[in-house]
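A short write-up of the structure that comes next.
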Amino acid sequence: MHKHTYYLADMNGKLRFTDEGLRELRPYFAMAGIDIHTITTETEYLKARHRASPYFLEWLKRRSENWPENDQFELLKSTLFG
């Protein structure tokens with residue numbers, strides 16, 4: 001079994017998302033019009049990541065709203081988003 005923070009996959013490539021994966025990736029994939037519940041294999045997951053990649057910075061910017069307010073994260077935000 002292949003274990004990742006966001007999903008678990010069996011030896012045949014069958015995939016299921018962890019709670020963290022659903023929470024983190026559902027909004028990202030939705031930006032590209034992808035319903036995360038339709039992704040059932042690692043191959044489909046990789047294709048979804050590729051299809052959603054044009055939205056990555058927008059998704060990251062939304063996530064950054066929940067980052068701690070400290071010098072390191074402020075520097076990261078200013079570097080990434082201007």
- Task: Indicate the ring-plane relationship of Tyr7 and His4, choosing parallel, tilted or perpendicular according to the 30° and 60° boundaries.
- Result: parallel
All N/O donor-acceptor pairs, side-chain side in residues 29-38, below 3.5 Å, sequence neighbours left out:
unit_1, atom_1, unit_2, atom_2, d
Asp35, OD1, His37, N, 2.9
Thr38, OG1, Asp35, O, 2.6

- Message: Could you measure the distance from the CD atom of Glu69 to the CG atom of Asn66? Nearest 0.5 Å is fine.
- Response: 11.0 Å
- Task: Using side chain to side chain contact (heavy atoms under 4.5 Å, CB included) as the criterion, list what pairs up with Arg23, not counting sequence neighbours.
- Result: Glu20
Side-chain donor-acceptor pairs of residues 71-78 under 3.5 Å, sequence neighbours excluded:
unit_1, atom_1, unit_2, atom_2, d
Lys77, NZ, Ser64, O, 3.4
Ser78, OG, Glu74, O, 3.3
Ser78, OG, Leu75, O, 2.9

- Task: Following the transitive rule for hydrophobic clusters with a side-chain heavy-atom cut-off under 4.5 Å over Ile, Leu, Val, Met, Phe, Trp and Tyr, establish whether Leu8 and Leu25 coincide in one cluster.
- Result: no
- Task: Would you mind listing every side chain to side chain donor-acceptor pair (under 3.5 Å) that reaches into residues 9-19, with sequence neighbours excluded?
- Result: none
- Contacts of Tyr28 meeting side chain to side chain donor-acceptor pair (under 3.5 Å) (sequence neighbours excluded), chain-then-number -> none
- Sequence neighbours left out, what pairs pass side chain to side chain donor-acceptor pair (under 3.5 Å) with at least one residue falling in residues 44-61? Thr40-Glu44, Tyr45-Arg49, Glu58-Arg62
